[in-house]
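Notes for the one structure printed next.
What's counted below: heavy atoms across the whole structure, side chains too, no hydrogens, waters or symmetry copies. Whatever order the structure lists ligands and atoms in, that order sets their numbers, starting from 1.
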Amino acid sequence: MIRYLTAGESHGAALIGIVEGMPAGVPLTTEDIDDHLARRWLGFGRGGRARIEQDRVELLSGVRFGKTIGSPIALRLENAAHHKDRSDWPNVMAIGGSGEGIEPVTLPRPGHADLAGAQKYGFDDIRPVIERASARETAMRVACCSVARAMLRHLGIEVGSHVVRIGIVGWEDTGAWQEQVGLLVSEGGARAVYEAADESNVRMLDNDLTDAAVEHIKETKAAGDSLGGSYEVVATGVPVGLGSYVHWDRRLDGRLAQAILSIQGQKAVEIGDGFSGGSTPGSQFHDPITEDEQGHHLTRGSNRAGGIEGGVSNGMPIIVRGVMKPIPTLVKPLETVDISTGEAQPTRYERSDVTSVPAASTVAEATVAWVLAAALLERYGGDTFEQVEQRLALDAAT
Ligand code: EPS
């Protein structure tokens, strides 16, 4: 079993992660992690924080001479904002002291964890909720998941993503994107998908759509508003048989949905063409079972199931789509109530992003990679990476 934990607040000194259960012998360098951390900052529409953070990981344990050693892997990411931004963010995460002289945050933002979090933990200052609920945590999540992702890459499994919609600028209705993603997948697997998306500053695979989305973000920023959107994650090279139908918590689709919805701000998830499955007759929805071109293996003539049937991977590309709500921190005030006085008040603006759908798409890639790595090690796992490789190769040969 592999698992990971993260700790840290958005403006605390650092984020900490522990990855546990990786087999020994997986090649791993800081670049394997830093490359994806840098990709998480891609995207027009991020706020001032993007200019501050460097996000280079420190590997503190569990790796020796560029390979995992089976021990827990400890990771650390500095929060540059904690050090550089002190005048802007005075003592937000002071560990000691009494808090005297630090103005409490008492105006909860609708749509944020602010109010429910303060009520749950009994705070009269919302700051601790803001700090841990912040999507800053996803930086360490990407770092932890990139460890598993490095292993997948050495087994020929790639995960990629692209943005499908930002606000009213979306690709869903045209169907053209599925064809384009299909071409990229056939040329270079899911890696080709994410590399092509990374060329666009909103991670969209179409130039006209990119221009329209950038314009839309600019207009939204000028109006003091924020935007959500949607994205698609694709995984290629995934063997048949990951996950299982025998128990609810082993179903791969359920595990992927949980992984996506666990990312801050995500409100909906779709596997394959799941939503249209509600309105399409069975004869037109289910993917026909056919032989591959060599006549060696059974495959599917289409992939509306998104590579998963009965909670089990079927060898087709895995397709997961996520929807992110608009960011709840807006320049334009929303209606709220001051929790210290009970008075109706407009919300107050804190530095934020206009949209972070491009970032969310890269975080979703990372979490999908983690779920696939976990399911893969359940089926083929061993103490050493060599054992994993051998078991997978043996299965592929039969
Ligand atoms: C976030 C607010 C912004 C974002 C942040 C998430 O940070 P700050 O409060 O410092 O302006 O930039 O995202 C990140 C820091 C990140 O690394 O993605 C929030 O309130 O959720």
Side-chain angles (χ1 to χ4, degrees), residues 6-17 33-34 36-57 75-93 103 105 107-118 125-146 163 202-203 217 221 224-229 231 262-267 324-331 334 336 347-367:
T6 73
E9 278 83 23
S10 182
H11 303 94
L15 300 171
I16 298 292
I33 298 169
D34 287 347
H36 293 300
L37 287 171
R39 296 182 54 246
R40 200 189 66 95
W41 278 116
L42 294 173
F44 187 77
R46 299 303 296 273
R49 186 81 181 255
R51 290 188 290 276
I52 298 170
E53 297 300 339
Q54 295 299 313
D55 285 349
R56 300 232 196 319
V57 76
L75 308 96
R76 184 178 190 277
L77 274 177
E78 195 77 14
N79 278 327
H82 174 78
H83 305 286
K84 287 203 184 127
D85 249 11
R86 286 204 165 172
S87 54
D88 205 357
W89 298 93
N91 295 320
V92 283
M93 280 317 295
E103 195 192 350
V105 179
L107 296 173
R109 290 160 295 176
H112 209 282
D114 294 1
L115 182 58
D125 177 358
I126 298 165
R127 175 59 66 190
V129 181
I130 298 176
E131 287 293 321
R132 181 62 186 164
S134 164
R136 177 70 188 145
E137 184 265 345
T138 62
M140 182 46 77
R141 235 190 290 188
V142 167
C144 291
C145 295
S146 296
V163 169
V202 284
R203 305 205 68 248
I217 294 168
K221 185 176 182 183
D225 221 322
S226 64
L227 291 171
Y231 52 83
S262 74
I263 303 166
Q264 291 81 339
Q266 312 310 298
K267 278 297 195 191
M324 181 174 197
K325 68 185 176 185
I327 285 180
T329 312
L330 280 76
V331 174
L334 298 175
T336 191
T347 50
R348 204 156 32 162
Y349 182 63
E350 290 208 23
R351 180 179 71 185
S352 183
D353 309 319
V354 178
T355 188
S356 52
V357 178
S361 65
T362 66
V363 178
E365 276 176 26
T367 61

Check your understanding: Got an N/O contact under 3.5 Å between R136 and ligand 1?
Key -> yes
Exercise for review: Salt-bridge test for R56 and D34: reply yes if a basic N is under 4.0 Å from a carboxylate O, no otherwise.
Suggested key: no
Review point. Based purely on interatomic distance, does S352 place a nitrogen or oxygen under 3.5 Å from a nitrogen or oxygen of ligand 1?
Key: no
Review point. Ligand 1 versus E53, non-hydrogen atoms closer than 4.0 Å: side chain, backbone, both, neither?
Key: neither
Review point. In ligand 1, which numbered atoms sit nearer than 4.0 Å to a non-hydrogen atom of H11?
Key: 8 (P), 9 (O), 10 (O)
**Study point:** Electrostatic pair R136-D55, nearest N-O below 4.0 angstrom
**Key:** yes
Exercise for review: Could you list which atoms of ligand 1 come closer than 4.0 Å to a heavy atom of R40?
Suggested key: 16 (C), 17 (O), 18 (O)
Study note, to complete from the structure: In short, M324 meets A360 closest at the heavy-atom pair SD-CB, 3.7 Å
**Study point:** Check against side-chain hydrogen bond (donor to acceptor under 3.5 Å, both in side chains), H11 and R127
**Key:** CA-CA 10 Å; H11 303 94; R127 175 59 66 190; 4.7 Å; no
Study note, to complete from the structure: Going by the 4.0 angstrom heavy-atom rule, the piece of Q264 near ligand 1 is neither
Practice item. Specify side chain, backbone, both or neither for A139, according to which of its non-hydrogen atoms lie closer than 4.0 Å to ligand 1. Key: neither
Exercise for review: Work out whether the distance between some heavy atom of A135 and some atom of ligand 1 is less than 4.0 Å.
Suggested key: yes
Practice item. May I have the step-by-step check of side-chain hydrogen bond (donor to acceptor under 3.5 Å, both in side chains) for R141 and S262, ending in yes or no? Key: CA-CA 11 Å; R141 235 190 290 188; S262 74; 3.0 Å; yes
Check your understanding: Do S10 and R132 come within less than 4.5 Å of each other through their side chains, counting heavy atoms only?
Key -> no
**Study point:** Polar contact flag for T138 and ligand 1 (N/O pairs, less than 3.5 Å)
**Key:** no
Review point. Are the side chains of V354 and I217 in touch, meaning some heavy atoms are under 4.5 Å apart?
Key: yes
Check your understanding: Any Lys/Arg nitrogen of R39 or E365 sitting under 4.0 Å from an Asp/Glu carboxylate oxygen of the other?
Key -> yes
Review point. Are any of the N or O atoms of R109 closer than 3.5 Å to those of ligand 1?
Key: no
Check your understanding: Has T329 got any heavy atom lying under 4.0 angstrom from an atom of ligand 1?
Key -> no
